[in-house]
Amino acid sequence: MVDFNFFITSNYRKLTHKKTFTFSAPSNIALVKYWGKKDNQIPANPSLSFTLSNCKTITSLTFTAKETKGISFDLLFEGQPKESFRPKIQKYFERILPYCPYIEDYHFTIDTQNTFPHSSGIASSASGMAAISANIIALEKELVSDKDENYFLQKASFLARLGSGSACRSIKGEMVVWGKTESIANSSDAYGIEFDYEVHPNFKNYQDSILLVDKGEKQVSSTVGHELMFGHPFAEQRFAQAHENIAKLKAIFASGDLTEFIKIVESEALTLHAMMMTSMPYFILMKPNTLEIINAIWKFRNETQVPVCFTLDAGANVHVLYPESVKTQVLDFIANELSQYCQNNQYINDFVGNGVEDLTQ
Ligand code: PMV
């Protein structure tokens, strides 16, 4: 059991000057999927992800000391007020308050922007919650003197998790494990940790092209989806399988076996969607073009032996994953055969990256 009290900051200074921090945080793509959560954003099963590079949120946080205590902030999106984001940030501040009581001493101005198109259907909650948490931790670093860098990294991930579960995997790179599991030493339900085992060169700089199949609003929020895993007839087997798949991936990352990698990754994606299709109520997030793309990838892989595979999020978009060594072939394949299945032929080429970056001037 995780002792959350470890992250409560009780002795801290109060600053009187005004200051602005700026941090960017990337999105991440899960290879082993988190689906099902307990109270306080605790995952029902462990997950493992690649941190991305290009798809990121850049957030500036300006703090000004105030006399009266309480949560107080202004929210801007690309420099303009954005009231529709308020409830999410309000809830985030309320959740982190017990661990960061100092936030009541300041008024915050938060200005945020994404590098990917707003209407792309790419969830910005992971990168967004990781970016704001990195800013909060930068403030905390100025207020306390008895903590080390490792503590701050863990706490940044812990706070991001309180905003949006999978966001805790966007603080660090290149691969992150979140959720206590036997095969990964020091893994925790409370925060993500860097995958710190042998990684074969095949997996260095792995590529992820995100095919934008459907940019519409999700018909089922991930919060509702997670809840539907409770009372789900296949939940226990699924949770056990996630532990097994992480252990298998650990061995695959060391050996460089791309055939086995593909089997786990595609099976995880389809299992995630199978859980949605077999919950009550049941739902389908894939679109006809999602299936067209999957079939085209399978055909291409069979014919060419190029080790390209897919994974899916809780939506219709397809992440096409492949080693850097086959980049030219796969990019041609995407442009010539897969882009026709994307809305406005749109896709985003990304690759594995390192997590949060400090852009403070
Ligand atoms: O972080 P949430 O609550 O939006 O859940 C994300 C769940 C999946 O993207 C479907 C899987 C994952 O592990 O990222």
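Just so you know, residue 1 is the first one in the sequence shown, and it goes up from there. Numbering of ligands and ligand atoms starts at 1, following listing order.
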Item to complete: Could you list who else is in Met276's hydrophobic cluster, with ILVMFWY side chains joined at under 4.5 Å, directly or through other members?
Response: Trp35, Val220, Val224, Leu228, Met229, Phe234, Phe239, Leu272, Met275, Phe283, Leu285
Fill in: salt bridge (Lys or Arg N to Asp or Glu O under 4.0 Å) partners of Lys141, counting only residues at least two apart
Glu149
Discussion item. Would you say His107 and Asp74 are linked by a side-chain donor-acceptor pair, where the criterion is simply a distance under 3.5 Å?
Written reply: yes
Worksheet item: Between Lys82 and Thr112, does any side-chain donor sit less than 3.5 Å from a side-chain acceptor?
Response: no
Worksheet entry | Neighbour list for ligand 1 [protein residues, heavy atom under 4.0 Å] | Ala30, Lys33, Tyr34, Trp35, Ser164, Gly165, Ser166, Arg169, Ser222, His226, Leu272, Asp313, Ala314
Response to the item:
Students should find that the hydrophobic cluster of Ile58, defined by side-chain heavy atoms under 4.5 Å apart, otherwise consists of Leu359
Practice prompt. Please round to the nearest 0.5 Å and tell me the distance separating atom CZ of Phe63 and atom CZ of Phe21.
Written response: 4.5 Å
